[in-house]
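The next block holds one structure in the form of structure tokens; read it before the comments.
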Protein chains: 2
Amino acid sequence: MRTYGQYCALARGLDLVGDRWTLLVVRELLSLGPSRYADLQRGLPGIATNLLANRLREMEAAGLVSRTELPRPVNATVFALTERGAALEGVVREFVKWGAPLMSPPGPEEAFRAHWLLIPLRALCRDNTPNAPAQVVRVGSADDGCDIAVGTGVVEVTASSPSTMVDATVDGDPGALVALFTGQIPVSAADAAGMIAGDIDAVRRVIGGMPAQMPPPAGATS
Amino acid sequence: MRTYGQYCALARGLDLVGDRWTLLVVRELLSLGPSRYADLQRGLPGIATNLLANRLREMEAAGLVSRTELPRPVNATVFALTERGAALEGVVREFVKWGAPLMSPPGPEEAFRAHWLLIPLRALCRDNTPNAPAQVVRVGSADDGCDIAVGTGVVEVTASSPSTMVDATVDGDPGALVALFTGQIPVSAADAAGMIAGDIDAVRRVIGGMPAQMPPPAGATS
DNA sequence: CTGGATCCGGGAAGATACTG
DNA sequence: CAGTATCTTCCCGGATCCAG
């Protein structure tokens, strides 16, 4: 293993998770929960298959990931974060917060998965009408997305599950999706763009009126 | 610049600061404040000189670092974090928290600089006797270390400055220093080991009785 | 002396093909 | 499905050299 050789908590931490792709694997496992190899590959477009296998081995050796072989007839391998690996959530959350101002509209070559929004949505969503009955808003699709469950003021965001009944679904191009949840475009505009299906009030209910995190375009008057 | 090509705040953040050494450069600039090239080199043992120059250029291009050429007769270059670069403090803090359990005693090959303790000390130190007059405890030396200033319950940790008058100085081998401030060894033991010069009560004053963060050795009874 | 640039070897990362 | 094998590319690490 490559090490910085420094007796410093940051350096020792980076010795374990500073390699390329490692924190993105953590993101996947934090978002999706225990996952199979092929699911991780789908959530990590651009990673070489041998590299994913290497990372999973290294992370297992470092005690961050556990590997479970399911017996017949399932015959699958499931990767999950250990407690120590899940403890990286704080690091990832701070990173996402720091990266938020970088979320200008995506380039044409850039990949997108709706479940990547899970960690940001946990920080962004609110229950604006806590006295209303519980509702679920889906972002993305049943195959790849997040389910935002609200009720009694509590918000829970999970990876979307096909078996969950939802009150509304929000989908569309990635840049618009991010702009909607960061409050840069109003719900009405998203609806006019055909991004919303189902109960539009459920969507209004969960969107926190967060002040714009993105820097204004150069030359804009503040 | 190499990129993950993912429209995700974490991936875009890692595109900027995920390269090797980058976050350690941030650590140095957060701890020392504006610094010269040679100072950064001293705080980053193991880095190749060309690599440091490359990183500083890339970080400048990314808007994380500013470069100021001081005019004659000083004729030096000073590197400092921009506001955006300084905003990485949250990421670094979470990383240090996560890395704390990794701080088992250092190996013989491992480098150490006392100013690396600055960020951890900010989380660790308290003012246990807020009504006493203000005091300063130095960790390490005037050349490389931290000054912990306490008074009226407020703790401020800065890089050590030769012009600061201190009430006590703590120094010694790196593992013992970490053990002392994480509460794994008592002040009395550190004193018996000759680690403390000056007012030992000033040292007691700043050490927070933090519960042990390190995992107990295997087989230990909890 | 400070703040680098240049050159080179080794190894990590990336792309693709293939397999139990 | 969950990888391995192989090849290429290029980043990193170490040493040396250099301009102001």
Please test A:Tyr4 against B:Trp21 for ring-ring contact (aromatic ring centres under 6.0 Å, His included), starting from the C-alpha separation and ending with a verdict. CA-CA 9 Å; A:Tyr4 287 105; B:Trp21 292 104; 4.8 Å; yes
Write down the distance between CD (B:Glu58) and C1' (D:dC12), rounded to a whole number of angstrom. 12 Å
Nearest to side-chain heavy atoms of A:Thr49, which nucleotide of C:dA17, D:dG13, D:dT16: C:dA17
Could you state the CG-C1' distance from A:Leu70 to D:dC1, rounded to the nearest angstrom? 12 Å
Distance in angstrom units between B:Arg42 CZ and C:dT2 C1', rounded: 11 Å
Quick check: on DNA chain C, is the nucleotide nearest B:Arg36 upstream (toward 5') of the one nearest B:Arg57, or the reverse? Name the residue that is more 5'. B:Arg36
Using a 4.0 Å heavy-atom cut-off across all strands, classify A:Tyr4 as base, sugar-phosphate, or nothing. nothing
Please tell me if B:Trp21 has a side-chain N or O lying less than 4.0 Å from either OP1 or OP2 of D:dC11. no
Out of C:dG14, C:dA12, D:dA2, minimum distance to the side chain of A:Ala48 belongs to C:dG14
Counting neighbours of CE on A:Met1 that are heavy atoms of other residues, nucleotides or ligands and sit closer than 6.0 Å, is the number greater than 12? yes
Taking C:dG3, C:dG14, D:dA2 as options, the one with an atom nearest any side-chain atom of A:Arg20 is C:dG14
For DNA chain D, whose closest nucleotide is more 5', that of A:Thr3 or that of A:Glu69? A:Glu69
Of A:Met1 and B:Ala38, the one whose nearest nucleotide on DNA chain C sits closer to the 5' end is B:Ala38
Starting at the 5' end of DNA chain D, which residue's closest nucleotide do you reach first, B:Asp19 or A:Gln41? A:Gln41
Closest to side chain of A:Asn50, choosing from C:dG3, D:dA5, C:dA13: D:dA5
Quick one: A:Arg67 CZ to D:dA2 P, roughly how many Å, whole number? 10 Å
Looking only at non-hydrogen atoms, find the nearest pair between A:Gln41 and A:Leu52 and report the distance. CG-CD2, 3.7 Å
